[in-house]
Structure formats: structure tokens, C-alpha cells
Amino acid sequence: MSKKIHLFWIIPFVLLSISCNRVQRDKSFKETQEETSLLAEQVKTEFRHAWGSYMKYAKGYDALKPLSGTGHNWYSRSFVMTPLDAFDTMILMGLTEEAREAKALILDSLDFDRDIVVQNFEITIRMLGGLISAYQLDGDTAFLNLAVDLADRLLPVFDSPTGMPYWGVNLKTGQTRGNISNPAETGTLMLEFGSLTKLTGNPVYYDKAKRAVMELYARQSDIGLVGEEINVETGEWTNSICHLGGRIDSYYEYLLKSWLLFDDPDFYSMWETSILAIDKYLADSTDSGLWYGQADMNTGERVSSRFGALDAFFPAVLALDNKIDRAVALQENCFKMWEKWSIEPEQIDYVKMEVVYPAYLLRPENIESAFYLYHFTHDKVYLEMGKVYLNSLTKHCKTEKGYAMLKSVITKEKGDEMESFFLAETLKYLYLLFAPSETIDWEAMIFNTEAHPIRKTWK
Ligand code: DMJ
């Protein structure tokens with residue numbers, strides 16, 4: 001009897017509290033949704049400000065100089081790098097008019113028949129990647145034709161004795177330049193060249209880019225690490241420090257992503273052995289949590305506790321490989337690195353928590369990792385991080401004529417540069433963090449290292 005009375009009172013109470021919780025959850029979900037859509041709109045507004053400034057002060061140039069209000073080209077003629085890098089962000093943001101402007105600039109002025117030596121890596125990730133994603137999103141075969149023309153002109157870079165690419169090539173003559181390269185410049189070509197093979201049926205692009213990766217991987221040390229610099233003619237390492245920062249970073253990123261995009265098991269086995277060595281020798285569990293430092297590729301001995309804005313891509317890669325706990329732990333520190341100076345420096349010493357190199361170049365990686373982690377965990381902490389990133393950018397980098405890099409995150413002095421990746425990556429990832437999850441079809445696409453989405457359905 002007493003049990004019955006008990007249940008009589010308890011059950012309605014439980015039901016009531018369940019329904020109250022649901023109401024609260026629904027309400028807070030709705031509030032979050034309303035807030036995130038406002039934030040997504042705000043990012044679009046900032047994007048329009050940056051793009052509008054480019055169109056006003058630097059139309060037709062590679063990049064905007066946001067303090068002087070002028071344009072800047074990488075080489076003797078423009079490759080309209082900003083419009084090409086920004087085009088797919090406009091499509092994802094639904095900015096139809098801006099996308100029309102960018103498309104006209106690209107198709108009216110881009111041709112690669114130029115007597116200019118270009119850097120293979122940057123041209124591949126920004127332009128070849130940009131053209132492939134533009135073709136897949138927009139459907140205009142003019143983008144694909146440009147991509148094929150560009151890739152054919154870049155192909156001579158692979159004609160080294162080892163098959164690892166030279167630093168650069170003359171787009172008209174095919175003359176190559178620069179025998180000292182690094183893992184990032186050697187191993188970050190697969191998504192772009194491989195996709196072109198899938199889209200054209202011509203195997204040459206996939207085969208050459210894959211051989212370059214395999215040759216590099218074959219030269220990793222006995223303990224499974226790579227160095228920072230390699231001679232592509234002799235195959236000898238000229239610098240033996242291993243880390244996750246610039247010159248190595250996207251080599252690791254592409255081992256995993258090439259597996260995910262092409263289902264080619266060779267890439268997964270290279271990634272699997274590499275991540276074991278990374279976690280054994282680079283990972284550093286300190287009092288302040290998880291970091292990844294620098295080690296000698298042959299001995300595994302730690303050589304420094306440096307980490308920076310570029311290394312901050314790694315939580316995204318860990319999350320993509322379903323290593324969520326490590327990704328969460330590392331992202332916590334990436335965010336600390338951002339918060340401590342109200343915006344992240346290029347490099348810090350994570351043991352002393354001191355700045356090593358104070359610039360902020362409008363880089364995306366910290367934001368990119370928060371975006372991946374929000375997708376995989378749905379933890380609102382990443383939306384909170386997103387708000388901080390957005391506030392820091394508008395507070396410290398926004399100018400009347402665009403967005404400017406910082407020469408120092410300590411003094412907040414601005415520099416006259418707005419890299420095209422600010423529109424390709426930084427604002428794209430920030431927007432996608434707040435945008436509805438359906439904006440991206442995670443099953444069907446992979447972002448290249450410049451945040452150009454590549455669809456694996458090959459249409
Ligand atoms: C971009 O060009 C790419 O993300 C590259 O992998 C690293 N550097 C910049 C952004 O920081």
C-alpha cells in the first residue's frame with residue numbers, strides 16, 4: 001500500500017520533470033539555434049566587408065592590402081587569387097551576387113600560359129583546389145578546363161630523380177626550380193591531383209602525386225618520423241626536426257584525408273604508422289595538459305616545446321580520425337593559446353607559455369579545429385570559442401579597408417596584408433561553425449588544406 005502511494009506521487013513528478021526538462025532543452029536548443037544563426041549572419045557581414053574592400057581597392061589583384069587600400073600580386077601578373085580562394089565560401093554562404101562577381105573575375109582574366117615560375121604547393125592548394133571545388137559546386141566546365149590546364153603545366157615538378165616535386169616550375173617552359181623541399185610541399189598535392197584524375201579519367205595526376213608521397217614516406221626514420229627539409233634530387237634529409245607545424249603539417253593531414261577521399265588503403269596504413277610515432281614522440285602531456293612539441297626524427301629526443309597557430313590544425317585531424325578525447329584535450333590548449341593574448345601568436349613555448357613569434361597572419365587553424373569538434377561532439381563550448389574568435393577578429397584585425405594581419409599579438413600593431421586564406425578558410429570555418437549542419441554533406445566531401453570542399457562523388 002505504502003509503495004502504491006509512493007509510486008502514485010513519484011510517477012507524475014517524474015513525468016512532469018521529464019517534460020519540464022524537455023521543454024527547457026527545447027527552449028535552450030531554440031535559443032542556441034537563434035543565437036548561432038545570428039552569429040552566422042554576422043560572419044557573413046564580416047565576409048562582405050572583406051570582399052567589398054577587395055573589390056573597391058584591389059579588384060583584379062591577387063590580394064588586398066588592408067591598410068594602404070591597394071592591391072598586391074604574388075608574381076609579375078595576377079592570378080586573381082583572392083576571388084578564386086573565396087568563391088566556394090560565397091557559394092556556401094549563399095552570397096549569389098558576390099559569387100557572380102568572383103566568377104566573372106576568374107573566368108575573364110585567368111590564363112596559365114605565362115612565363116612565370118610559381119611555387120607548386122601554394123598554387124596547388126589555393127588555385128587547383130579552388131578550381132576543382134568551383135567546378136563541383138558551380139558546374140561550369142570552364143573551371144575544370146582551367147584546372148586541367150594548370151595541372152598539366154605543374155606536372156614537370158614531379159620529374160626529379162626521386163619523383164618528389166621540385167619547389168616550383170615555369171608555367172610556360174616547364175623549367176623546374178628548387179631542389180630543397182619539405183613534407184608539406186611534397187605530400188599536400190594528393191587531394192587536388194588525385195581528384196583531377198577522378199574527374200578526367202587521366203591517371204597521370206593521381207599516380208605522380210601518390211608516388212611523391214610514397215617516396216617521402218619511404219624515407220621516414222626507423223622510428224617513423226619525418227624531418228623538416230629534404231633534397232628531392234638525392235632524397236637526403238637536410239633538416240631532421242619533426243613537428244606538426246609549417247613545412248610538415250599538411251603532409252600528415254593529407255595521409256588521413258587521402259584515405260577518406262579515395263578509399264586507397266595505402267594512405268591509411270601510412271597514416272596509421274605515422275600517428276603512432278606522432279603520439280609516441282611529439283605528444284607532450286604537461287601540467288597544463290596535452291601539447292605536441294618538436295623532436296629529432298632519428299632519436300625521438302624532444303628538441304623544443306614550440307607550438308603555434310599552424311599546429312592548431314591537429315585537433316581537427318584527430319577528430320576526423322575519431323580520436324575525440326585527444327582532439328578535445330589539444331583543442332583546449334589551442335584555445336588557451338588564443339585567449340592568453342586575446343588572439344593567437346604564430347608560435348609559443350608551451351612550457352613557459354611565452355611568445356616565440358608574435359605575429360598573427362589571420363590564420364584559420366584554431367577555428368577550423370573548433371568547427372570539426374563542434375560537428376563531432378555538439379558541445380556548445382565550441383560555439384563559445386567561436387564567439388571569442390569572432391570578437392577578437394573584429395576587435396583587433398578589422399580595418400576600414402578590410403581585415404589586417406597583426407605584426408604582434410602583444411602590441412596589436414597591424415600589418416598591411418590580408419592573405420586570401422582569410423576568405424577561403426578563416427571566415428568559412430567560422431561561418432560553418434555557426435551555420436546549420438546541413439550546409440555541409442560530411443559523408444560526401446573532404447576539405448583540402450585551403451578549405452576547398454572536394455566531393456567524392458566525382459560529378
Ligand atoms: C593555408 O594556406 C593552408 O591552410 C596551409 O595548409 C597552411 N597555411 C595556410 C593557413 O594558415
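Just so it is clear, the values below take in all heavy atoms, side chains as well, and ignore hydrogens, waters and symmetry mates. Ligands are counted one by one from 1 in listed order, and the atoms in each one are counted from 1 as well. What you are looking at is a predicted structure, and each value in this text was computed from that prediction instead of being measured.
Below 3.5 Å of separation, one finds an N or O of R363 facing an N or O of ligand 1. Close N/O approach between S250 and ligand 1 is not found [any backbone or side-chain N/O within under 3.5 Å]. Residue E450 has at least one N or O atom closer than 3.5 Å to an N or O atom of ligand 1.
Residue, atom and distance of the protein heavy atom nearest to atom 10 (C) of ligand 1 are E365 OE2, 3.2 Å. Protein heavy atom at the shortest distance from atom 4 (O) of ligand 1 is T449 O, 2.7 Å.
Contact check on D149 versus R153 returns a salt bridge, with a Lys/Arg side-chain nitrogen under 4.0 Å from an Asp/Glu carboxylate oxygen. With salt bridges taken as basic N to acidic carboxylate O contacts below 4.0 Å, one links K398 and E46.
Looking at T89, D85, T82 one by one, the single match for side chain to side chain contact (heavy atoms under 4.5 Å, CB included) with L423 turns out to be T82.
Residue T188 does not touch ligand 1, judged by heavy-atom distances below 4.0 Å. When heavy-atom distances to ligand 1 are checked against a 4.0 Å cut-off, P364 comes that close only through its side chain, counted from C-beta outward.
A donor-acceptor contact shorter than 3.5 Å links the side chain of Y389 to the backbone of N366.
Atoms of ligand 1 found under 4.0 Å from any heavy atom of I125, numbered from 1 in the order shown, are 2 (O). Short contacts between ligand 1 and L310, defined as distances under 4.0 Å to a heavy atom of the residue, involve ligand atoms 7 (C), 8 (N), 11 (O).
Here salt bridge (charged side-chain N to carboxylate O under 4.0 Å, His left out) pairs that include residues 69-80, with residues two or more places apart or in two chains, are R77-D111.
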Are F87 and F143 close enough, and set up right, to give a ring pair (Phe, Tyr, Trp, His ring centres under 6.0 Å), and what steps lead you there?
CA-CA 12 Å; F87 181 68; F143 288 119; 5.4 Å; yes
Decide ring pair (Phe, Tyr, Trp, His ring centres under 6.0 Å) for Y57 and W51; before the verdict, give the C-alpha distance in whole Å, the side-chain angles of both, and the deciding distance to 0.1 Å.
CA-CA 10 Å; Y57 302 108; W51 173 252; over 10 Å; no
